[in-house]
Amino acid sequence: MLALAIPLLLLAPAIWNGYPLLQWDTGGYLARWYEGYLVPSRSTVFGLYLHFGEDSHFWINLGIQALATLWILQLVLRVFGMTRPSRLAIVSGVLMLTTALPWLASLLLTDIFAGLSVLSLFILVLHGDRISAAERTLLFVFTAFAAATHSATLAVLLGLCCAGWLVRPWLRPRIAITGLVQGSLTIAVGAAMLLAANFALSGQLAWTPGGAGIPFGRMLQDGIVARYLRDHCPEQKLKLCPYRNQLPASADEFLWGNSMFNTLGRFQGLNDEMGFITLHSLAEYPAWQAEAAIVATAQQLGEVATGEGSTVWIPHTYGIIEHYMPAQLPAMRAARQQRHELGFTVINRIHVPVALGSMLAVVVICAAAIRRRRLDDLTLLAATVGLALLGNAFVCGAISGPHDRYGARMVWIATLVALIAGIQYFSGADDRDADSFSL
């Protein structure tokens with residue numbers, strides 16, 4: 001019964017909506033199959049995944065997302081010795097009621113794979129000996145696919161693998177080299193998967209474009225771009241010089257609004273210049289850049305509200321569906337989301353404090369382990385999740401700019417850590433395999 005009930009409950013928002021939930025980035029992924037060229041920050045791998053479920057109105061995709069969530073949750077609980085169905089039901093139920101998890105599973109976006117991939121990498125690297133060979137293979141493929149769906153997810157997973165290699169000399173009994181090799185190979189396979197999909201769809205053996213525009217947008221938002229233009233125009237003859245006093249206040253307005261970015265040819269016309277300004281401003285204002293990155297990372301850690309981008313008018317996504325998938329228009333237009341019946345104000349009165357409290361619990365668990373100088377499975381999971389949250393905050397906040405969406409898609413795994421800690425405490429469980437370590 002749980003194998004049926006939990007996936008259905010995970011998809012409750014989409015079922016209530018009458019159609020998969022959409023977001024302002026969804027259209028860019030949907031169009032990849034049809035347009036045959038690369039666009040900034042839109043993975044062709046995820047575009048192909050969405051196209052696979054198109055004939056089902058994307059319910060196949062949501063089914064895959066819900067089943068993957070159930071599978072990975074039960075694997076995590078299994079490696080912690082929590083195999084009772086009642087515990088899976090409790091953990092799943094609390095996560096569905098108090099975090100963004102069901103909204104992520106019901107959404108046509110890469111976000112559900114961000115948190116799940118951290119958990120799958122944790123199991124693959126640290127607990128591969130506790131699962132079957134078939135499960136290890138599936139986890140490997142899943143983690144590689146997740147890495148290929150979004151550059152930020154790939155960066156977080158890469159950072160976790162690098163951290164594993166760095167601490168392994170001190171944690172040899174806990175981190176097997178075979179697990180680290182397997183985990184690291186998922187990053188390489190994910191990158192190869194993305195390059196292959198880009199070549200198959202566009203004929204270009206190239207990475208997804210737009211790399212320079214993302215940090216440029218954050219620097220524009222912090223005022224660094226305006227300062228650079230004031231210091232160097234007009235002797236450098238930059239295209240943005242005539243607009244240096246008219247730059248938008250936010251990266252979103254510059255990149256996705258009706259700004260001079262459109263006038264100057266968007267990414268095709270400005271990518272080289274944005275890269276030039278980004279690199280040179282890093283060299284010229286290092287202290288300012290460091291301060292802005294720290295502030296943005298800290299701000300991103302606190303931005304964890306559910307639903308960003310799902311309650312606004314998203315004409316690009318609607319236009320893509322209308323142009324390429326007209327048969328889906330009636331269902332899409334009849335959905336509650338498109339009738340403006342979707343809101344998150346009340347939901348976030350629960351989700352935000354739970355998210356912030358869960359992050360605090362992760363810190364407390366790690367601090368307690370340092371104080372006791374004992375390393376158990378819960379501490380390893382908390383440290384992995386803590387590093388993932390910090391890495392996600394840096395990659396998304398300091399490089400792209402803080403958004404609630406970036407925090408909400410990852411922070412639910414901190415709530416999972418808190419739940420496992422609570423179950424262990426109240427059940428009197430003790431990790432007999434805990435190791436002592438020296439600092």
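Quick caveat, the model's predicted, so the values are computed rather than measured.
Note: F216 and F254 have tilted aromatic rings, judged against thresholds of 30 and 60 degrees for the angle between ring planes. Taking the six-membered ring where the residue is Trp, F80 and F122 present parallel rings, their angle staying beneath 30° rather than reaching 60°. Aromatic ring orientation, H340 versus W313: tilted (interplanar angle from 30° to 60°).
With ring centers used as reference points, F46 lies under 6.0 Å from Y49. Between F344 and W103, the distance separating the two ring centers is shorter than 6.0 angstrom.
The backbone N or O of W59 lies less than 3.5 Å from a partner atom in the side chain of S56, making a donor-acceptor pair. Looking only at distances, a side-chain donor or acceptor of D376 sits under 3.5 Å from a matching main-chain atom of T379. Side chain of T186 to backbone of A144: no donor-acceptor contact under 3.5 angstrom is found. Under a 3.5 Å cut-off, the side chain of H403 and the backbone N or O of G401 do form a donor-acceptor pair. Here the side chain of R339 pairs a donor or acceptor atom with the backbone of A334 at under 3.5 angstrom. Not a single donor-acceptor pair under 3.5 Å links the side chain of R32 to the backbone N or O of S43. The backbone N or O of P402 lies less than 3.5 Å from no partner atom in the side chain of Q299, so there is not a single donor-acceptor pair. Counting only distance, with no hydrogens or angles, the side chain of R87 and the backbone of M82 share no donor-acceptor pair below 3.5 Å.
Between the side chains of S358 and W412, no donor-acceptor pair of N or O atoms lies under 3.5 Å. With hydrogens and angles left out, the side-chain atoms of Y19 and Q328 include a donor and acceptor closer than 3.5 Å. A donor-acceptor pair shorter than 3.5 Å cannot be found between the side chains of Q337 and E341.
With rounding to the nearest 0.5 angstrom, the CE atom of M96 is 10.0 Å from the OG1 atom of T69. In this structure, L171 CG and R174 CZ are separated by 9.0 Å, a value rounded to the nearest 0.5 Å. Within the model, atoms CG of L9 and CD1 of I15 stand 8.0 Å from one another, a figure rounded to the nearest 0.5 Å. In this structure, the separation between CD1 on I347 and CD1 on I350 is 8.0 Å, given to the nearest 0.5 Å. Summarising the geometry, atom CD1 belonging to I60 is positioned 8.0 Å from atom CG belonging to D55; distances are rounded to the nearest 0.5 Å. In this structure, OG on S310 lies 9.5 Å from CG on N17, to the nearest 0.5 angstrom.
Residue F52 qualifies as open at atom CZ: its count of foreign heavy atoms under 6.0 Å is 12 or below. In N262, the CG atom is crowded: over 12 heavy atoms of neighbouring residues, nucleotides or ligands sit closer than 6.0 Å. The number of heavy-atom neighbours closer than 6.0 Å to CG of D129, taken from other residues, nucleotides and ligands shown, is above 12. No more than 12 heavy atoms of other residues, nucleotides or ligands lie within 6.0 Å of CZ in R84, so this atom counts as exposed by the packing criterion.
The salt bridge (charged side-chain N to carboxylate O under 4.0 Å, His left out) pairs that include a residue from residues 37-51 are D25-R42, where partners are two or more places apart or lie in different chains. Among residues at least two apart or in separate chains, side-chain hydrogen bond (donor to acceptor under 3.5 Å, both in side chains) pairs with a member in residues 139-158 are S120-T143.
Put simply, the side chain of Q338 reaches to within 4.5 Å of the side chain of L22, judged on heavy atoms. At least one side-chain heavy atom of L342 sits less than 4.5 Å from a side-chain heavy atom of W16. Contact annotation: the side chain of Y324 never approaches that of W33 to less than 4.5 Å [non-hydrogen atoms, C-beta and beyond]. Two residues are said to be in side-chain contact when any heavy atoms from C-beta on lie closer than 4.5 Å; V91 and I423 meet this criterion. No side-chain heavy atom of R266 sits under 4.5 Å from any side-chain heavy atom of L255. Within the 4.5 Å cutoff, the side chain of R333 has no heavy atoms near those of the Y318 side chain. Considering only heavy atoms from C-beta on, L73 comes within 4.5 Å of S92 through its side chain. Looking only at side-chain heavy atoms (C-beta outward), I214 and S41 come within less than 4.5 Å of each other.
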Evaluate the criterion side-chain contact (heavy atoms from CB on, under 4.5 Å) for residue pair L116 and Q65; output intermediate values, then yes/no. CA-CA 10 Å; L116 289 178; Q65 291 168 193; over 6 Å; no
Walk me through whether V312 and Q23 qualify under side-chain contact (heavy atoms from CB on, under 4.5 Å). CA-CA 8 Å; V312 296; Q23 204 258 5; over 6 Å; no
The test is side-chain contact (heavy atoms from CB on, under 4.5 Å); show your working for L139 and W71 and say whether it passes. CA-CA 10 Å; L139 276 180; W71 175 54; 3.7 Å; yes
So E135 and S132, side chain to side chain donor-acceptor pair (under 3.5 Å) or not? Walk me through it. CA-CA 5 Å; E135 288 170 327; S132 68; 3.2 Å; yes
Could you check R409 against E308 for salt bridge (charged side-chain N to carboxylate O under 4.0 Å, His left out), going step by step and ending with a plain yes or no? CA-CA 10 Å; R409 71 186 180 190; E308 184 186 27; over 6 Å; no
side-chain contact (heavy atoms from CB on, under 4.5 Å) between L88 and T83: does it pass, once the steps are laid out? CA-CA 8 Å; L88 176 60; T83 56; over 6 Å; no
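For the side chain to side chain contact (heavy atoms under 4.5 Å, CB included) test with V304, the passing option among V411, T99, N348 is V411; the others fail. The only member of I64, L101, L62 that meets side chain to side chain contact (heavy atoms under 4.5 Å, CB included) when paired with I112 is L101.
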Could you give the side-chain donor-acceptor pairs of residues 390-398 under 3.5 Å, partners two or more places apart or in another chain?
| residue | atom | partner | partner atom | Å |
| --- | --- | --- | --- | --- |
| N392 | ND2 | Y406 | O | 3.0 |

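A pairwise comparison of heavy atoms in A148 and L194 identifies O-CD1, 3.8 Å as the closest pair. The minimum heavy-atom distance linking R136 with L124 is given by the pair O-CD1, 3.7 Å. Here the shortest heavy-atom pairing between Q289 and M219 reads NE2-SD, 3.4 Å. Between L30 and I321, the shortest heavy-atom contact is CD1-CG1, 3.9 Å. Closest approach of I314 and G309 over heavy atoms only: CG2-O, 4.0 Å. Closest non-hydrogen pair, L10 versus A66, comes out as CD1-O, 3.6 Å.
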